[in-house]
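To find a chain, count down the sequence lines: A is the first, B the second, and so on, and within it residues start at 1.
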Protein chains: 2
Amino acid sequence: MKYIEKLRKSGLRPTKQRLQICEVLFNREKTFHFTINELEQKIKNHTSSKISLATVYNTVHAFEKKGYLKQIPINSSETYFDTNVTDHHHFYDLKEEKLIDLENSDVGPINILKKLTEKRLNQLKFL
Amino acid sequence: MKYIEKLRKSGLRPTKQRLQICEVLFNREKTFHFTINELEQKIKNHTSSKISLATVYNTVHAFEKKGYLKQIPINSSETYFDTNVTDHHHFYDLKEEKLIDLENSDVGPINILKKLTEKRLNQLKFL
DNA sequence: TTAGCAGTTTATAATGATTCTAAAAAAGTG
DNA sequence: CACTTTTTTAGAATCATTATAAACTGCTAA
């Protein structure tokens, strides 16, 4: 399995559950967005063995901490994650109620005209 | 009271509770951000009579629906609202864990370089 | 002014995503 | 294999928010 090394290098033990979740999350062409419950469904469809909900939460947070997933700062009852961890923007389609990725190259530069120190800017997250 | 008319015009009955909440929210120089619990505290400090938590929720949602408040799309355990309903941006200060307003005039134009139809663009919310 | 209806408030229960807990299982190490 | 550490797990706990249903209030028409 190609994920065993990746996990070990990150200091995460390559358990059966983590490897299965890796398959579901990363073994595909395109990146995608998901909630924990959507991920649980995908896991169910993908494997016969059941993974506890707590484990799904644990794993997603572990992967996020290691930088393999990114949390999307959308205001929703459920938290969204993104397997695209490159620096990019999101748009939320109000009608279809789903997220759209826009790469940085799809969006022109955003210029902050107000005077803010460099240090200050680095600790700010654009919403 | 100056808020009676405003409420009536919106189709909201000017109840004692709503007027008190109006005082707390709108009778000030600057706009501000708040969570429901922060608002509840402010109400407690402002008046002697108690307003039920359910009423605070109801009122905030009613005001939001009428356009007097704006929900801020930040991912947090609590929902943030803004009394500044003008079209503007938010930055989230990761270190101080608080929101900062940036007026549109403080931020240069954001150019979407990807081809999206006009109609599509209107139903998108920038995150 | 008052009767009655619609809108509002309220305490409390319900909901639902997420986190906590503590015990069992699995992985790594010598 | 023995032993330590990490991980998994089911279920309980948490906490913001919403639903409920009864009491109350504001409004309006007679």
Side-chain angles (χ1 to χ4, degrees), chain A residues 1 3-25 33-44 47-66 68-69 71-81 97, chain B residues 1 3-25 33-44 47-66 68-69 71-81 97:
Chain A
M1 298 251 212
Y3 299 113
I4 293 182
E5 260 320 288
K6 193 178 168 184
L7 287 173
R8 237 191 282 266
K9 271 182 189 159
S10 316
L12 296 173
R13 289 186 181 171
T15 63
K16 184 162 59 88
Q17 292 87 341
R18 283 177 180 160
L19 290 170
Q20 285 177 350
I21 293 175
C22 275
E23 287 293 330
V24 173
L25 288 178
H33 310 126
F34 64 91
T35 63
I36 297 290
N37 282 311
E38 286 166 4
L39 177 56
E40 233 203 337
Q41 282 309 310
K42 280 188 202 297
I43 292 168
K44 243 180 224 158
T47 61
S48 48
S49 56
K50 185 180 165 281
I51 297 181
S52 153
L53 180 58
T55 300
V56 180
Y57 273 99
N58 289 342
T59 304
V60 165
H61 285 139
F63 286 3
E64 195 211 352
K65 200 168 285 175
K66 297 298 178 185
Y68 302 140
L69 292 174
Q71 201 176 324
I72 301 173
I74 191 178
N75 186 261
S76 160
S77 60
E78 291 171 277
T79 302
Y80 274 82
F81 293 90
E97 293 184 337
Chain B
M1 300 256 213
Y3 298 111
I4 292 180
E5 261 319 288
K6 191 178 169 184
L7 287 173
R8 237 193 284 264
K9 271 181 189 159
S10 316
L12 296 173
R13 288 190 181 168
T15 63
K16 183 163 60 86
Q17 291 87 340
R18 284 178 178 160
L19 290 170
Q20 285 177 349
I21 293 175
C22 275
E23 287 292 331
V24 173
L25 290 178
H33 310 126
F34 63 91
T35 63
I36 296 292
N37 281 313
E38 286 167 2
L39 178 56
E40 232 202 340
Q41 282 310 309
K42 280 187 202 297
I43 292 168
K44 243 179 222 158
T47 61
S48 48
S49 56
K50 184 180 166 284
I51 297 180
S52 156
L53 181 58
T55 301
V56 179
Y57 273 99
N58 288 342
T59 304
V60 165
H61 285 139
F63 286 3
E64 196 212 351
K65 199 167 284 176
K66 296 298 178 184
Y68 301 140
L69 293 173
Q71 202 177 320
I72 300 173
I74 190 180
N75 187 259
S76 160
S77 59
E78 291 171 276
T79 302
Y80 274 82
F81 292 90
E97 294 185 337

Expressed as a whole number of angstroms, how long is the span from B:Tyr80:OH to D:dT17:C1'? 16 Å

Between atom CZ in B:Arg18 and atom P in D:dT25, what is the gap in whole Å? 15 Å

According to a strict under-4.0 Å criterion, is B:Tyr57 in side-chain N/O contact with OP1 or OP2 of D:dT18? no

Can you tell me if B:Arg8 touches the phosphate of D:dG26, counting only side-chain N or O atoms and a distance under 4.0 Å to OP1 or OP2? no

With the side chain of A:Arg13 defined as its heavy atoms from C-beta on, choose the nearest nucleotide among D:dT8, D:dT6, D:dG11. D:dT6

By nearest nucleotide on DNA chain C, pick out whichever of A:Asn37 and B:Lys16 is the more 5' one. B:Lys16

With respect to the phosphate group of D:dT18, does any side-chain polar atom (N or O) of B:His61 fall under 4.0 Å of OP1 or OP2? yes

Let me know, please, whether A:Asn58 or B:Asn58 comes out on the 5' side of the other along DNA chain D by nearest nucleotide. A:Asn58

Find the distance between CZ (B:Arg18) and CG (B:Asn58) and round it off to the nearest 0.5 Å. 8.0 Å

Which part of the nucleic acid, if any, lies within contact of A:Ser77, taking any heavy atom under 4.0 Å across all strands shown: a base, the sugar-phosphate backbone alone, or nothing? sugar-phosphate

Could you state the atom-to-atom distance from NZ of A:Lys66 to C1' of D:dT7 in whole Å? 14 Å

How about B:His61 and B:Phe81: do any of their side-chain heavy atoms sit closer than 4.5 Å? yes

Note, A:Thr59 side chain near A:Gln17 side chain (heavy atom, < 4.5 Å): no

Compare side-chain N and O positions of A:Thr15 against OP1 and OP2 of D:dT8 and report whether any pair is under 4.0 Å apart. yes

Assign B:Thr35 to base, sugar-phosphate, or nothing according to its heavy-atom contacts below 4.0 angstrom with the strands shown. nothing

Map A:Thr55 and B:Ala54 onto DNA chain D by nearest heavy atom, then report which one ends up closer to the 5' terminus. A:Thr55

Where does the chain A footprint on DNA chain C start and end, counting 5' to 3' with a 4.0 Å heavy-atom cut-off? C:dA17 to C:dG28

Contacts of type salt bridge (Lys or Arg N to Asp or Glu O under 4.0 Å), residue B:Arg8, not counting sequence neighbours: B:Glu5

Measure the CD1-CD1 distance between B:Ile21 and B:Ile43 for me, rounded to the nearest 0.5 Å. 4.0 Å

Without decimals, in angstroms, what is the distance between A:Leu7 CG and D:dT7 P? 10 Å

Can you measure A:Lys50 atom NZ to D:dG11 atom C1' for me and round it to whole angstrom units? 11 Å

Atom CD1 of A:Ile21 to atom C1' of D:dT9: distance rounded to whole Å? 13 Å

With sequence neighbours left out, write down each residue that passes ring pair (Phe, Tyr, Trp, His ring centres under 6.0 Å) with A:Tyr68, or none if nothing qualifies. none

B:Leu12 or B:Leu53: which one's nearest nucleotide on DNA chain C is closer to the 5' end? B:Leu12

Between the main-chain N or O of A:Ser10 and the side-chain N or O of A:Lys66, is there a donor-acceptor pair closer than 3.5 Å? yes

Under 4.5 Å between any side-chain heavy atoms of A:Glu38 and A:Tyr80, yes or no? yes

Nearest-angstrom distance from the residue atom CG of B:Leu19 to C1' of D:dT25: 13 Å

